[in-house]
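Order of listing sets the numbers, starting from 1, for every ligand and every atom in it.
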Amino acid sequence: MKKILLSLTILGTALYSCTPKIGSIINVSEVERIETVLSADDMKGRQLFTPELDKAADFIAAEFQKSGLEFFGGNDSYMQSFDMLQASPSTINGSLDQEALSTSNVTVNSTSESVEVKSLTDYELVKVAKDANFNQLVFPVLRADKNVVVLIDPAHAANFARLGRIAGRAKFPTEYSQVFIMTDNLDPKSLALTAKNTVTKQPLKNVVGVIPGKSRKDEYVVFGGHYDHIGIGRPDAKQDSIYNGANDNAAGTTAVMMLGKYFNELKDNERTLIFVAFTAEESGGFGSTYFSKQLDPDKVVAMFNIEMIGTDSKWGPNSAYITGFEKSSMGEILQKNLVGSKFHFEPDPYPKQNLFYRSDNRTLAELGVPAHTISTSKMEEAPNDEPNYHKASDEIGTLDMDNMTEVIKAIALSSKTIISGKDTPSRVEKLD
Ligand SMILES: [Zn+2]
């Protein structure tokens with residue numbers, strides 16, 4: 001009897017050591033170590049185009065390397081670098097009928113050094129009359145892949161000034177330009193305009209690591225979260241001006257890094273796993289937009305976007321929600337894989353907030369990928385909100401490290417059948 005027991009114990013130990021226990025890899029001390037570095041004051045709020053954001057990227061890459069992840073695609077490092085372009089107007093010359101055009105009544109949205117409109121029929125023409133809906137007419141034009149001239153009645157002067165600030169932001173290189181002219185002459189006979197811009201490159205980077213699949217290498221499961229935040233602001237009552245972004249989104253980034261480490265120790269994924277720390281979420285999702293163009297979205301079978309998981313959800317500890325739950329079967333698969341555990345995923349309880357379209361899952365979801373955000377962030381009115389959201393007080397001390405660790409473990413466990421190829425979530429409806 002004793003002998004049998006002993007051999008059973010040995011067998012048990014052998015099985016046990018083959019599959020490392022999840023808590024030995026994803027645990028509070030590791031989660032806290034990474035979260036502490038990312039949300040420290042010396043990261044100065046991880047703002048775009050700052051050396052501190054690069055420092056955060058270097059830290060993430062070093063951790064990916066320690067975990068043994070491979071580079072993505074043909075990259076020669078973990079950095080997925082790209083350039084945004086920022087154009088500032090130097091000169092504008094021209095005329096609309098007899099009216100002289102200059103930087104005071106014209107805004108050009110472009111990434112070209114020189115923009116020339118030779119006639120009224122050269123570009124598509126849009127008119128924004130005094131009583132027209134400015135936002136409805138103008139914002140689609142700003143995003144359009146075509147050359148457009150927009151004539152805007154001076155009644156919209158305040159919005160016109162806003163356009164100048166938007167046009168001055170960094171954007172993806174484009175061959176198209178949009179010219180906005182404030183004038184009360186909405187039926188002109190002639191137009192000629194030349195604009196010169198000073199264009200500067202603004203480099204950005206995502207950090208991407210990969211664990212190739214054992215058998216289904218061409219089927220990808222993506223784990224992502226943004227690592228940028230909003231930098232330094234006005235000092236608060238405590239004289240704190242650094243927006244640490246501990247919850248938003250050092251927490252999600254920590255999860256991505258921990259999951260990379262965990263799955264690379266398991267090394268039993270049939271599908272290829274991609275781990276990505278996105279840049280520039282806070283300024284419009286540039287990082288995830290770029291990433292979604294570097295792979296075939298039809299090959300992405302699931303995307304976990306992890307955003308603000310550092311606090312307890314509205315249901316208390318051991319729970320989180322999934323945005324866009326009804327848009328694919330992914331949420332049901334994750335729920336099924338947690339049956340019998342203490343953790344539960346719920347559908348997003350804040351549908352009016354439109355969260356599905358407000359984070360880095362959006363670009364892949366629009367391309368048909370079951371791409372959902374997992375979060376614990378409370379989005380109701382105070383006191384049922386996140387009191388530190390986009391404030392200097394979003395600091396590590398306000399996070400529940402134990403619960404955050406449980407959220408990360410739940411993501412790992414619930415994704416098991418997707419990673420193994422047993423389950424494939426249904427696709428999200430593509431947007432045009
Ligand atoms: Zn965020």
Any side-chain donor-acceptor pair under 3.5 Å between S319 and S313? yes

Side-chain donor-acceptor pairs under 3.5 Å in residues 153-168, sequence neighbours left out?
residue: D153; atom: OD1; partner: A155; partner atom: N; Å: 2.8
residue: H156; atom: NE2; partner: A129; partner atom: O; Å: 2.8
residue: H156; atom: NE2; partner: K130; partner atom: O; Å: 3.3
residue: N159; atom: OD1; partner: R162; partner atom: NE; Å: 3.2
residue: N159; atom: OD1; partner: R162; partner atom: NH2; Å: 3.0
residue: R162; atom: NH2; partner: N135; partner atom: OD1; Å: 3.1

Anything protein N/O/S under 2.8 Å from the Zn ion (ligand 1)? Just list residue and atom, please.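 Metal shell, protein only: H226 NE2, D248 OD1, E307 OE2.
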
Heavy atoms only: give me the nearest S359-E307 pair and the separation to one decimal. OG-OE1, 2.7 Å

How close do D76 and F71 get, heavy atom to heavy atom, and via which atoms? O-CE1, 3.3 Å

Let me have the donor-acceptor pairs involving side chains of residues 137-148, under 3.5 Å, with sequence neighbours excluded, atom names and distances please.
residue: K146; atom: NZ; partner: E124; partner atom: OE1; Å: 3.3
residue: N147; atom: OD1; partner: S177; partner atom: N; Å: 2.8

I'd like to check the salt bridge (Lys or Arg N to Asp or Glu O under 4.0 Å) partners of K127; sequence neighbours left out, ordered by chain and number. D187

